[in-house]
Amino acid sequence: MLIEANIDALVGPTHHFGGLGVGNVASRDHRFQVSHPRQAALQGLRKAALVAGLGVPQFVWLPPVRPRLDLLEQLGFDGPLDQQLATAMDTDPTVLSAVFSSAFMWAANAATVTPAVDAADGRLHISPANLISSLHRGCEAEERQADLQDFFGDLCHEPNGSVRVHDPLPPWVPLRDEGAANHMRLCNSQGNLGINLFVYGEAEETLPTRFFPRQTLACCQALARRHQLDPAHTFFIQQHPDAISAGVFHNDVIATSHEHLLIHHEMAFLDARPQLDLLESSFLQRTGKPLLRIEVASSELSLADAVASYFFNSQIVTPQPASGSTTEQTRMVLICPDHCHEIEPARQLIERLIADHRVPIDAVHYVPLRESMSGGGGPACLRLRVSLQPADLERLPHRLRVTDETVERLSILIEQHYPERLELSDFRCGQRVRELMDATVAFRRQVLQ
Ligand code: SUG
């Protein structure tokens, strides 16, 4: 039996809206609006606390320090801090925003993860994503690799550790990688028999899209090879170019999965009928259980409403009852952004799914995530899933595990260190920027104390 744990990345004190997300309409629409870092961090933490409260092991990662002044310098903005910031603000505010970005909060883009049971060498494989499609995210790869190595500690020590943290794929355009946002693992309820599905936007011959596709087939194939996945149980499906053009910059904006359940929009994939048939038969053969594939028609939820509501970015979890509990067990719970409640077709779709007893979703929680959603990130974007053996789970850092006590402690520290509001002009002032950097350092230190 494998346990599914979630790692959520906490928003950082410089959280703001830079409009930097490639092909990401929410990000573009909120460019340079006022942001609320404190509220953003608390909203993300409360979502993580909700998952932990359902009995699912939940961890957090701490924010790295921003701005990346080293990058600002590499891009030609040097001199004393005040001058560096003022010149960048006056001549290229996009670059200034990029080095302050808190986009690391979207942990689903941190890495692709496949469990030990799927690999020929019996190890859990993790590839940090190179994230080279956008100016503000490419710098996350190295930091995340270090975070992953720290997080898994002894488990990833060579030569015999049960976890292997790879280097990110080389930062070359044909190998663009956005991590778990474009990967789905379908499996039985014990998690020990599964198949892997990679979704890419661009292959060698690809139809034109309005926005730059962020994930390539060559990248997905390389990930599957290095993770030593069985080719018979590994699938590669292309995203529909019209979906990318409508603002579906990652597969997890148009498809979601959990155990034997796969929910996707009819416009998610390009000419995928034969592959989906094969996926279904492969799943049945591998697990002995049918895949429950739900295809949502455009007539029920338009592509535009799918993007606006982020329904497909809902998180699906299996609650784990407390030991000794005698109440009837809820099968699966949907954690949706509250936008889904406001957008009528999305709300009706959710109600239909819950009412349908063949669908194992029994309940919904609408969570307020407005700060993350304004950058184009819903509940599922904020977490990275890792399926592992119970013994390995016990070896993960307790200080980063979400419990009532950690939530209380983190909330106090967030209130203490995070600014209530920010606008881009705050990044022009050297003293203010030093305060923000010091706040992150102090926050990290106090959490880890
Ligand atoms: O990469 N937004 C992120 C959102 C990532 C969502 N993740 C998943 N779908 N898994 C992105 O586009 C916005 C930054 C800004 O506008 O400042 C941003 O980076």
Side-chain angles (χ1 to χ4, degrees), residues 6-9 11-12 14-37 40 44 47 63 66-68 93-113 129-141 144 176-184 199 201 211-215 239 243-244 246-257 265 268 306-315 335 337 339 369-385 422-424 426-427:
N6 286 279
I7 309 167
D8 278 43
V11 179
T14 64
H15 160 75
H16 70 286
F17 304 123
L20 301 167
V22 175
N24 172 343
V25 288
S27 156
R28 187 199 57 197
D29 291 349
H30 290 86
R31 179 176 155 89
F32 297 167
Q33 291 189 9
V34 172
S35 66
H36 303 90
K47 192 275 286 184
R66 293 288 183 269
R68 286 284 302 259
T94 299
V95 164
L96 186 70
S97 162
V99 300
F100 277 88
S101 177
S102 175
F104 49 76
M105 69 201 263
W106 294 297
N109 304 118
T112 302
V113 184
N130 60 29
L131 292 171
I132 56 163
S133 295
S134 34
L135 181 65
H136 62 302
R137 302 207 63 181
C139 66
E140 290 172 36
R144 278 299 176 227
R176 301 192 297 282
D177 182 9
E178 300 270 323
N182 294 317
H183 168 248
M184 296 188 279
V199 182
F211 300 119
F212 185 57
R214 298 202 204 176
Q215 183 101 11
Q239 253 190 305
I244 298 177
V248 179
F249 55 97
H250 289 139
N251 175 62
D252 67 5
V253 177
I254 193 101
T256 179
S257 72
H265 193 272
V307 173
S309 67
Y310 259 46
F311 162 74
F312 292 97
N313 204 262
S314 301
Q315 208 172 322
I335 300 174
H339 293 53
L369 282 177
R370 212 146 281 269
E371 289 287 319
S372 170
M373 287 285 285
S374 300
C381 297
L382 291 162
R383 63 96 167 87
L384 185 67
R385 285 187 278 196
L422 273 184
E423 44 197 311
L424 201 71
D426 289 309
F427 299 155

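When a ligand or atom number is given, it counts from 1 through the structure's own listing order.
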task: Answer yes or no: does an N/O atom from Trp106 fall short of 3.5 Å to an N/O atom of ligand 1?
output: no
query: Stepwise, does the side chain to side chain contact (heavy atoms under 4.5 Å, CB included) test hold for Gln315 with Lys47?
result: CA-CA 10 Å; Gln315 208 172 322; Lys47 192 275 286 184; 2.8 Å; yes
Validation: residues 99-108 side-chain donor-acceptor distances under 3.5 Å, sequence neighbours left out:
residue: Ser101; atom: OG; partner: Ala103; partner atom: N; Å: 3.0
residue: Ser102; atom: OG; partner: Gly12; partner atom: N; Å: 3.0
residue: Trp106; atom: NE1; partner: Ser372; partner atom: OG; Å: 2.9

- prompt: At a 4.0 Å threshold, what atoms of ligand 1 neighbour a non-hydrogen atom of His16?
  reply: 17 (O)
field: Heteroatom distance test (Ser97, ligand 1): nitrogen or oxygen, under 3.5 angstrom
entry: no
query: Taking distance alone, with no angle check, do Gly377 and ligand 1 share an N/O pair under 3.5 Å?
result: no
task: Please confirm whether the backbone N or O of Glu178 pairs with a side-chain atom of Asn109, one donor and one acceptor, at under 3.5 Å?
output: yes
field: Atoms in ligand 1 with a heavy atom of Arg137 nearer than 4.0 Å
entry: 1 (O), 3 (C), 5 (C), 11 (C)
statement: Asn24 heavy atoms within 4.0 Å reach ligand 1 at atoms 2 (N), 3 (C), 4 (C), 11 (C), 12 (O)
- prompt: Does at least one non-hydrogen atom of Ser101 fall below 4.0 angstrom from an atom of ligand 1?
  reply: no
- prompt: What is the nearest protein non-hydrogen atom to atom 17 (O) of ligand 1, stated with its residue, atom name and distance?
  reply: Gly18 N, 2.8 Å
field: Heteroatom proximity flag, Val22 to ligand 1, N/O under 3.5 Å
entry: no
query: Does Phe17, backbone or side chain, put an N or O under 3.5 Å from an N or O of ligand 1?
result: no
query: Near Arg214, which atoms of ligand 1 are under 4.0 Å from a heavy atom of that residue?
result: 1 (O), 11 (C), 12 (O)
field: Interfacing atoms of ligand 1 (cut-off 4.0 Å, heavy-atom, Cys381)
entry: 6 (C), 7 (N), 8 (C), 9 (N), 10 (N)
field: Close-contact set for ligand 1 against Gly21 heavy atoms, below 4.0 Å
entry: 12 (O)
Where ligand 1 meets Gly376 - atom numbers and elements under 4.0 angstrom, heavy-atom basis: 4 (C), 6 (C)
- request: For atom 7 (N) of ligand 1, state which one of Leu382, Thr94, Asn109 supplies the nearest heavy atom.
  value: Asn109
- prompt: What part of Glu178 sits under 4.0 Å from ligand 1 if we count only heavy atoms: the side chain, the backbone, both or neither?
  reply: neither
message: Do Glu371 and Val11 have side chains that approach each other closer than 4.5 Å (heavy atoms only, starting at C-beta)?
response: no
task: Name the closest protein heavy atom to atom 19 (O) of ligand 1, giving the residue it belongs to and the distance to 0.1 Å.
output: His136 NE2, 2.6 Å
field: Nearest-contact summary for atom 10 (N) of ligand 1 - protein heavy atom, Å
entry: Asp252 OD2, 2.7 Å
- request: Return the orientation label for the Phe17 and His30 ring planes: parallel under 30°, perpendicular over 60°, tilted otherwise.
  value: tilted
- prompt: Given that the side chain starts at C-beta and the backbone is N, CA, C, O, which of these parts of Ala108 lies under 4.0 Å from ligand 1, counting heavy atoms, or is it both or neither?
  reply: side chain
- prompt: Measuring from the heavy atoms of Arg28, does anything fall under 4.0 Å of ligand 1?
  reply: no
message: Can you confirm, on distance only, whether ligand 1 has an N/O atom lying under 3.5 Å from any N/O atom belonging to Gly19?
response: yes
message: I need the atoms of ligand 1 closer than 4.0 Å to a non-hydrogen atom of Ala103, numbered in the order shown.
response: 19 (O)
message: Side chain or backbone, does Asn313 bring an N or O within less than 3.5 Å of an N or O on ligand 1?
response: no
field: Residues which pass side-chain hydrogen bond (donor to acceptor under 3.5 Å, both in side chains) with His339, listed by chain and number, not counting sequence neighbours
entry: none
